[in-house]
**Q** 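Handing you this structure, nothing more for now.
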There are 4 protein chains.
Amino acid sequence: MLISLQLDSETPLYEQLRNQIVIGIATGELAAQEKLPTVRQLADDLGINTMTVNKAYSILKQEGYIVIDRRHGAKVSPRMPEDAEPSAQLEAQLQLIIAQATIQGMDQSRFQMLCSQIFSRMTYRPSNV
Amino acid sequence: MLISLQLDSETPLYEQLRNQIVIGIATGELAAQEKLPTVRQLADDLGINTMTVNKAYSILKQEGYIVIDRRHGAKVSPRMPEDAEPSAQLEAQLQLIIAQATIQGMDQSRFQMLCSQIFSRMTYRPSNV
Amino acid sequence: MLISLQLDSETPLYEQLRNQIVIGIATGELAAQEKLPTVRQLADDLGINTMTVNKAYSILKQEGYIVIDRRHGAKVSPRMPEDAEPSAQLEAQLQLIIAQATIQGMDQSRFQMLCSQIFSRMTYRPSNV
Amino acid sequence: MLISLQLDSETPLYEQLRNQIVIGIATGELAAQEKLPTVRQLADDLGINTMTVNKAYSILKQEGYIVIDRRHGAKVSPRMPEDAEPSAQLEAQLQLIIAQATIQGMDQSRFQMLCSQIFSRMTYRPSNV
DNA sequence: GTGGTCTAGACCACA
DNA sequence: GTGGTCTAGACCACC
């Protein structure tokens, strides 16, 4: 899986990293149970500090996206905790995006189409194990 | 219009303020052409520094959401610059949200329903003037 | 002569007014010796405060562009004080513009062409009186 | 690179700072990719507040002249966004300058010569990286 | 009265 | 050690 960081972005490196891994999981580029690179490996590949990768992994673990096994390193969680209700945070973020889209003149049907396109790339399936 | 800030949030105050005003414009709580509170007034009401409100207003102005008239303070822009294409940034943000929703077990139809609910609260109309 | 002010500009109203009159003189829209509207008249036409027009006129007078006669109001100076040397301020402004143009990728020949176009619209001639 | 601020100028300090850095980039005094002083360092050297330098840097960043890397501070952008068309703003500023020059009695050939002199000092080249 | 600018000093997130 | 954020309080330009 390809990860590209923007060093001059407002978004902190560890958050960019976390986001791209989340997207990777959702699109299926990272399958459930798949092993992630070691902290040192990934830090080397990206040319960043190991602390930064470490922080990204910690957050992903704390959010339940990955599990960290001392012996085998990090891997994608076999299945995620399903929230019955959409998290309040997700809804707030979505509301802000929709507000901006509305003001820019994008109507609901075009927005829904855009969502459909994005959804079609999401092939996440929890592990059978 | 009610604005509530979380002092302990990661999101800077000026950004929270900016976001809530954007949403206020989109939902119609702040009509096009409507006058915003003065920098001092709002700072006072929210119990924060004038510079913080100032920064929020500056960003909103630079983004085209509001107009600052030397004579009468700030007001909502009569009409916004319509982007023909959805900005790349909007799409990236949306992709991240959808990725997270997918992993949480929300399927496309529930997501679309959530969008519909939010859209139904957006009543922004550009000014006729 | 048409004057249009941007109320939401960074540039103060009195300065916009001053600038447009200077350009009007240079392009010949305002001939040497031509009478300017009264302060009150102009303020009314533009829908702004008389103080603002007053300030613009004061500056123009102090810079030598216009003369103010208590009996006949303001008129364009018959001839301007010719500076042997380009004023330092003009040179500094020009340098900044050229710097920005250079960085944007505009080369000297295109810049010169732009200057020529603008010069061709300048038909200022001092009065013969 | 030498920077000198006029404390008694109408032009805000942060804008003077911004202007001088832009000129520095265009003249090549600040090479593409070159590291700028830290906010604190520069504030100290100039005897002004860090926020003021901060604001100048923010503007330069937003305009694309510099890039801020979380790890190593600010540096000159490797290459600038080239505008195919001269911005309307540039043209308006140039028109005002030419108007003033005309009225002061400077003819086109002398103006062009002045431009040539200034251009000869501009040695900006985008980075090869 | 409005927003714009600046200061001195502080704390925090990031790497 | 870097930039980012925030505060309290001040002064100024503009209208």
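Naming: A, B, ... by sequence-line order, numbering from 1 per chain.
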**Q** Does some side-chain heavy atom of A:Q6 sit less than 4.5 Å from a side-chain heavy atom of A:Q16?
**A**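 Touching, per the 4.5 Å side-chain cut-off.
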**Q** Do B:R40 and E:dG3 share a donor-acceptor pair, side chain to base, under 3.5 Å?
**A** yes
**Q** On DNA chain E, does the nearest nucleotide to A:T11 precede the nearest nucleotide to B:S58 from the 5' side, or the other way round? Give the residue.
**A** B:S58
**Q** Just so I know, are the side chains of C:Y65 and D:Q100 near enough to count as touching, which here means a heavy-atom distance under 4.5 Å?
**A**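 Yes, at least one pair of side-chain atoms sits under 4.5 Å.
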**Q** With heavy-atom distances below 4.5 Å as the criterion, would you say the side chains of A:Y57 and A:L42 are in contact?
**A** yes
**Q** Rounded to whole angstroms, how far apart are CG on D:L13 and P on E:dG4?
**A** 17 Å
**Q** Going by heavy atoms in the side chains, are B:T27 and B:I23 under 4.5 Å from each other?
**A**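 Contact flag for B:T27/B:I23 side chains = yes.
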**Q** Rounded to whole Å, please give me the gap between CG in A:D8 and P in F:dG4.
**A**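 Whole-Å distance recorded here is 12 Å.
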**Q** With nearest nucleotides of DNA chain E determined for B:G73 and B:M51 from heavy-atom distances, which residue corresponds to the more 5′ nucleotide?
**A** B:G73
**Q** Going by heavy atoms in the side chains, are C:Q93 and D:L94 under 4.5 Å from each other?
**A** no
**Q** Does a side-chain N or O of B:N54 approach OP1 or OP2 of E:dG4 to a distance below 4.0 Å, or not?
**A** yes
**Q** Just distance, no hydrogens or angles: give the donor-acceptor pairs under 3.5 Å from side chains in residues 45-55 of chain B, sequence neighbours left out.
**A**
unit_1 : atom_1 : unit_2 : atom_2 : d
B:D45  : OD1    : B:Q41  : NE2    : 3.2
B:N49  : OD1    : B:M51  : N      : 2.7

**Q** Can you tell which of E:dA15, E:dT5, E:dG3 lies closest to the side chain of A:T52?
**A**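 Closest nucleotide to the A:T52 side chain: E:dA15.
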**Q** Whole-Å distance between E:dG1 C1' and B:D44 CG?
**A**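 Whole-Å distance recorded here is 14 Å.
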**Q** Name the residue closer to the 5' end of DNA chain F, choosing between D:E10 and D:A74 according to the nucleotide with the nearest heavy atom.
**A**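 Between the two, 5'-proximity favours D:A74.
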**Q** Where each residue is assigned the nucleotide of DNA chain F containing its nearest heavy atom, which of D:K35 and C:K55 is assigned the position nearer the 5′ end?
**A** D:K35
**Q** Calculate the interatomic distance between A:N49 atom CG and E:dA15 atom P; express it in whole Å.
**A**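 A:N49 atom CG is separated from E:dA15 atom P by 9 Å.
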**Q** Pairing of DNA chain F as dot-bracket, 5' to 3': ( ) intra-strand, [ ] crossing, | other strand, . unpaired, with Watson-Crick or G-U pairs under 3.5 Å?
**A** ||||||||||||||.
